[in-house]
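When reading the values below, keep in mind they use all heavy atoms of this one structure, side chains included, and skip hydrogens, waters and symmetry mates. Both counts, for ligands and for their atoms, begin at 1 and track the order of listing.
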Amino acid sequence: MLRIHHLALSRSDRIVWLAEELGIPYELVTHLRDPESFRAPPSLFAVTPLGKAPAIEDDGNTVIESALICDYLVEQYGNGRLRPAAGTAERRAHDYWMHCSESTLMVPVLLDLLTTLTQSEAPALRAFAAAEYKTMFDHVERTLDGRDYLAGDALTVADVMTYYTLAMAAGTAIPMPTHAPLADYPRIRAYLARIEQRPAWKKAAALCAPPAAA
Ligand SMILES: N[C@@H](CCC(=O)N[C@@H](CS)C(=O)NCC(=O)O)C(=O)O
């Protein structure tokens, strides 16, 4: 059976959500962050050389990197779902967002998170992140003009990837004192809300939530 290694408060939410969307049976192994350092525990190094989440084990394969895991699961279990047909405009948009979500879009998010976690003032980094957020949100807002999802009118796995990046930026995936304001982006707010109404997303959110502090 598919085993998903989940780190509470992390990108591995994407993989649990995707497994729920595809109806794949899985075993969920939850790892907890060190409360002081916010780093992953040593148990993840037993699974992957980088000690990071998400990771999956399936049929003797260990797969890491959330985009690659998404591709693997859609390939193995999708039966044509959640990925547009090759050679279409929708597929090109899907491929673009699959890459962009974990590369360009993640840069300001990680700068913001790291300056917060290290309790740095770092005004230049914050200013850089703020400018990048604006560019990023303007781009996503324009993309969502006339469509419900990033590659068209249907959810694709590129939305599974990009949703989490946007939710981090908006401060909802990992609570952060500073986060990018979405007030000027009605399509992005509607997009996030549309996703958060999906039964698979709701189930994954409940399963992935960290245990309540005692
Ligand atoms: N590009 C990788 C990033 C993996 C990554 O950095 N995961 C974070 C969680 S969001 C992690 O495990 N951090 C814990 C640590 O580095 O100690 C992916 O998309 O899977």
Can you name the atoms of ligand 1, numbered from 1 with element, that are less than 4.0 Å from a heavy atom of Arg39?
15 (C), 16 (O), 17 (O)
Regarding ligand 1, does Ala40 bring an N or O atom to under 3.5 Å of one of the ligand's N or O atoms?
yes
Glu102 heavy atoms, cut-off 4.0 Å: which ligand 1 atoms fall inside?
1 (N), 2 (C), 3 (C), 18 (C), 19 (O)
Taking the basic N atoms (NZ, or NE/NH1/NH2) and the acidic carboxylate oxygens, is any pair closer than 4.0 Å for Lys202 and Glu20?
no
Leu7: numbered ligand 1 atoms lying under 4.0 Å from its heavy atoms:
11 (C), 12 (O), 14 (C)
Please list the nearest protein heavy atom to atom 10 (S) of ligand 1 with its residue and the distance rounded to 0.1 Å.
Arg11 NH1, 2.8 Å
Given Asp159, which of Tyr191, Tyr164, Trp17 fulfils the side-chain hydrogen bond (donor to acceptor under 3.5 Å, both in side chains) condition?
Tyr191
Between Tyr96 and His139, how do the two ring planes meet: parallel, tilted or perpendicular, split at 30° and 60°?
perpendicular
Within a distance under 4.0 Å of any heavy atom of Ser10, pick out the atoms of ligand 1 and give their elements.
9 (C), 10 (S)
Can you tell me which residue and heavy atom of the protein come closest to atom 20 (O) of ligand 1, and the distance to 0.1 Å?
Ser66 N, 2.9 Å
How does Ile64 reach ligand 1, if at all, at less than 4.0 Å between non-hydrogen atoms: by side chain, backbone, both, or neither?
neither
Which residue owns the protein heavy atom closest to atom 4 (C) of ligand 1, what's the atom, and how far is it?
Ala53 O, 3.4 Å
Output yes when Glu21 and Arg198 qualify as a salt bridge under the 4.0 Å nitrogen-oxygen rule, no when they do not.
yes
Looking at Arg126 and Asp112, does any basic side-chain N land under 4.0 Å from a carboxylate oxygen?
yes
Output the list of atoms in ligand 1 that are nearer than 4.0 Å to some heavy atom of Arg33, sorted by atom number.
9 (C), 14 (C)
Applying a heavy-atom cut-off of 4.0 Å, say which part of Lys52 lies close to ligand 1: side chain, backbone, both or neither.
both
Within a distance under 4.0 Å of any heavy atom of Pro54, pick out the atoms of ligand 1 and give their elements.
20 (O)
Look only at the side chain of Arg3 and the backbone of Ile56, and say whether a donor-acceptor pair between them is shorter than 3.5 Å.
no
4.5 Å side-chain heavy-atom contact, Leu9 and Phe38:
yes
The closest protein heavy-atom partner of atom 1 (N) of ligand 1 is Glu65 OE1, 2.7 Å
Salt bridge check: are Asp138 and Arg142 linked by an N-O gap of less than 4.0 Å?
no
